[in-house]
2 protein chains.
Amino acid sequence: MKPDLILLGHGSGGKLSHQLLNDLIIPILSQNTQTDQNDAAVLAAPPGRLAFTTDSFVVDPIFFSGGTIGDLAINGTVNDLSMVGARPLAISVGLIIEEGLPIPDLQRVLQSMRLAAETAEVSIVVGDTKVVPRGKADKLFINTSGIGVLDHDYDIRGSLAEVGDKILINGTMGDHGMAVLACREGLTLDTSIQTDSIALNHLVHDLIAQCGTGVHVLRDPTRGGVATTLKEIALQSEVQITLDEAALPMNPAVAAACSLLGFDPLFVANEGKLLAFVKADLADQALRVLAQSPGGQQAAIIGEVTAKGPGQVRLKTAIGGLRAVEMLAGEQLPRIC
Amino acid sequence: MKPDLILLGHGSGGKLSHQLLNDLIIPILSQNTQTDQNDAAVLAAPPGRLAFTTDSFVVDPIFFSGGTIGDLAINGTVNDLSMVGARPLAISVGLIIEEGLPIPDLQRVLQSMRLAAETAEVSIVVGDTKVVPRGKADKLFINTSGIGVLDHDYDIRGSLAEVGDKILINGTMGDHGMAVLACREGLTLDTSIQTDSIALNHLVHDLIAQCGTGVHVLRDPTRGGVATTLKEIALQSEVQITLDEAALPMNPAVAAACSLLGFDPLFVANEGKLLAFVKADLADQALRVLAQSPGGQQAAIIGEVTAKGPGQVRLKTAIGGLRAVEMLAGEQLPRIC
């Protein structure tokens with residue numbers, strides 16, 4: 001009879017580990033059979049440069065409105081590859097499980113990972129499972145690393161923003177952060193507040209196909225939100241960015257929740273958004289691509305690169321003032337991803 | 001003034017995160033500057049197939065005799081790539097830090113990672129840092145994922161063991177497991193008990209150069225030890241393996257500690273050992289390569305593939321009996337890597 005809870009022995013490398021792997025993890029995540037399991041996966045190398053990224057997910061709770069730690073982990077790594085213009089090729093999954101996690105919870109997370117990988121059309125090719133004693137982790141942490149291929153010669157980097165570039169976003173801000181916070185605190189907020197977690201690789205593919213070298217910078221505003229991400233880019237490119245507050249798209253329910261709880265949505269995490277810095281004369285074309293992507297109805301041009309400079313972000317407020325935007329010093333929402 | 005302990009804000013993605021990254025992590029682990037930081041690293045793709053692997057390290061304690069969680073993580077991933085015959089190319093580092101970890105401890109771990117990467121001649125190209133509240137993790141967990149390149153056409157896999165193959169090991173068994181256990185329990189064991197953690201990529205390179213297609217299987221006997229690893233290979237290749245107990249190399253101090261504490265060294269973890277299945281007529285040549293590698297003085301031929309079969313491992317004992325070797329059901333030594 002199978003146990004209902006994860007035991008320390010499931011991380012031993014022995015018989016229980018092999019059972020967990022062969023009865024649960026491999027059948028859900030992978031097409032591989034037991035005889036294919038090796039220390040590393042071997043892949044054909046497509047032509048082009050390689051992209052490589054890693055991200056650990058420690059979100060609390062592991063299930064929240066519209067997503068799980070599992071699809072968040074897959075989408076997050078697909079998106080990090082996409083942000084340098086790479087096509088995601090293969091993903092690794094490293095699980096750190098706290099002893100006592102209900103196996104049905106693990107199963108639900110794994111199924112959400114599989115679905116997210118299928119949607120993004122990326123393969124999970126290798127993995128690792130560790131179990132730590134009760135109280136030495138919190139339910140489940142997931143690392144996803146990813147390999148992508150750049151089958152074009154464009155450079156898309158945080159240091160390539162140019163004066164005149166328009167800055168676009170593919171939808172509303174802060175949905176992920178508020179959705180997780182609501183579930184964590186047991187708040188009964190508006191039910192329209194859901195994570196925006198989604199894979200952006202198809203959108204980025206279309207954007208590059210349409211705008212080519214006109215795409216200078218792509219980045220997903222996760223931890224730290226739109227404000228922190230723009231500040232990073234301003235510093236990397238040594239430019240001044242001016243944002244138009246009136247243009248920032250928000251779900252009214254998220255705006256209300258932020259207002260109620262005292263959060264600035266500019267600093268709240270997103271998991272299905274990108275910021276694109278695009279040459280001005282291609283901005284309208286890029287906006288059409290963003291607007292036609294899933295969830296992109298509220299895509300908008302939210303600002304521009306206004307000058308060279310030591311790395312400032314300014315917000316043109318709705319009443320016409322100019323306010324400097326800085327990174328948060330500390331932690332606004334711990335364990336948001 | 002810098003704080004001496006890791007704070008939750010160090011994982012926020014905001015100002016403290018950037019300070020930790022720019023003042024500590026990047027200068028130690030990477031040649032990159034701040035302006036090079038992007039969501040993914042972009043690499044030139046050398047010709048050949050790719051290998052991809054991932055491993056999370058949760059060893060307790062994080063410092064032990066002869067090593068740290070950091071060099072263990074680098075060597076472990078270098079070795080997983082090596083075991084499919086790949087040359088390690090790039091490594092990612094994902095840190096999950098418990099709030100309150102002394103920053104000098106983190107620094108010591110990072111320095112050990114840098115040294116291990118330099119020794120293995122592999123680059124750390126991308127990373128991620130998360131911080132979780134006190135009591136939600138245990139000091140520090142590290143995920144290392146790795147990309148390697150196979151610049152030859154040989155297939156080295158767990159399913160390719162052939163009847164007649166000789167089985168070699170590059171030194172003594174159980175050193176890592178006993179070293180960690182001794183530190184964890186505060187035992188004053190013989191000071192010659194140290195982790196065997198080492199990168200095996202140069203050894204594997206030499207072995208393949210000398211023995212080519214004669215190398216059928218390579219695997220590092222980490223969690224679960226030599227016994228579990230051989231059982232896995234026996235199952236994957238559908239063969240019967242016969243081990244010669246008298247030929248198994250042991251550090252006498254490790255043997256004494258195992259005997260005292262009731263551990264079977266066949267099941268104790270190693271972190272710098274490989275098992276090589278080699279065509280019989282090349283076994284002596286392979287043994288010379290292993291013996292000349294660092295720490296390889298006690299390399300030995302420890303058994304052979306004796307028949308086709310449903311996947312058995314048998315131990316020919318010192319007094320001439322035959323004993324079946326199975327995987328451990330549960331956990332012998334939790335958090336050994």
Side-chain angles (χ1 to χ4, degrees), chain A residues 8-9 12-16 18 35 37-45 48-56 58 80-81 83-84 86 90 92 94 96 125-128 130 132-133 136-138 141 143 145 147-148 150 157-159 219-220 223-224 228 236 327-332 334-335, chain B residues 8-9 12-16 18 35 37-45 48-56 58 80-81 83-84 86 90 92 94 96 125-128 130 132-133 136-138 141 143 145 147-148 150 157-159 219-220 223-224 228 236 327-332 334-335:
Chain A
L8 267 184
S12 66
K15 212 176 279 184
L16 276 177
H18 282 77
T35 52
Q37 289 168 36
N38 288 289
D39 287 316
V42 176
L43 315 167
R49 293 169 294 164
L50 294 176
F52 186 27
T53 191
T54 193
D55 223 336
S56 297
V58 299
D80 280 349
L81 293 171
M83 293 308 122
V84 296
S92 67
I96 299 177
V125 298
V126 70
D128 176 61
K130 295 289 192 301
V132 297
K136 299 299 183 185
D138 191 10
F141 300 149
N143 178 283
S145 300
I147 303 180
L150 287 94
R157 275 189 278 133
S159 56
R219 192 160 293 174
D220 52 342
R223 271 186 298 180
T228 304
Q236 289 186 303
M327 288 182 196
L328 283 188
E331 181 62 276
Q332 185 176 239
R335 298 184 62 192
Chain B
L8 267 184
S12 65
K15 213 175 277 183
L16 276 176
H18 282 78
T35 53
Q37 288 168 38
N38 287 288
D39 287 315
V42 176
L43 315 166
R49 293 169 294 165
L50 295 176
F52 186 27
T53 192
T54 192
D55 223 337
S56 297
V58 298
D80 280 348
L81 293 171
M83 294 307 123
V84 297
S92 68
I96 298 177
V125 297
V126 71
D128 175 62
K130 295 288 191 301
V132 297
K136 299 299 183 186
D138 191 11
F141 300 149
N143 177 284
S145 300
I147 302 181
L150 286 95
R157 274 189 278 135
S159 56
R219 193 161 293 175
D220 51 343
R223 271 185 298 180
T228 303
Q236 288 187 302
M327 289 181 193
L328 283 189
E331 182 62 279
Q332 185 177 238
R335 299 184 60 191

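Residue numbers start from 1 in every chain, and the chains themselves are labelled A, B, ... in the order their sequence lines are given, proteins ahead of strands.
Note on V58(A), I96(A), L81(A), I147(A): by heavy-atom pairs under 4.5 Å with chain B, the leading option is I147(A). Between chain B and the residues G224(A), G9(A), A40(A), G14(A), the most heavy-atom pairs under 4.5 angstrom are made by A40(A). With respect to chain A, the highest number of heavy-atom pairs below 4.5 Å among A90(B), A86(B), S56(B) belongs to S56(B).
Using a 4.5 Å cut-off between heavy atoms, V84(B) contacts chain A through its side chain alone, with no backbone atom that close. Looking at F52(B), both its backbone and its side chain come within 4.5 Å of chain A, counting heavy atoms on both sides. Contacts between S145(A) and chain B at a heavy-atom distance below 4.5 Å involve backbone atoms as well as side-chain atoms. Of the two parts of L43(B), the backbone and the side chain both hold a non-hydrogen atom closer than 4.5 Å to a non-hydrogen atom of chain A.
For K15(B), the side-chain contact (heavy atoms from CB on, under 4.5 Å) partners two or more places apart in sequence, or in a different chain, are M327(A). Annotation: side-chain contact (heavy atoms from CB on, under 4.5 Å) contacts of P133(A) (sequence neighbours excluded): L8(A), E99(A), K136(A), R335(B).
Looking at L150(A) and L50(A), their side chains never come closer than 4.5 Å, going by heavy atoms from C-beta outward. D55(A) places none of its side-chain heavy atoms less than 4.5 Å from the side chain of N143(A). M83(A) is not listed as a side-chain neighbour of R157(A), based on a closest heavy-atom distance of 4.5 Å or more.
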| message | Show, in sequence, the C-alpha distance, side-chain angles and deciding distance for R219(A) and D80(A), and conclude whether the salt bridge (charged side-chain N to carboxylate O under 4.0 Å, His left out) test is met. | response | CA-CA 8 Å; R219(A) 192 160 293 174; D80(A) 280 349; over 6 Å; no
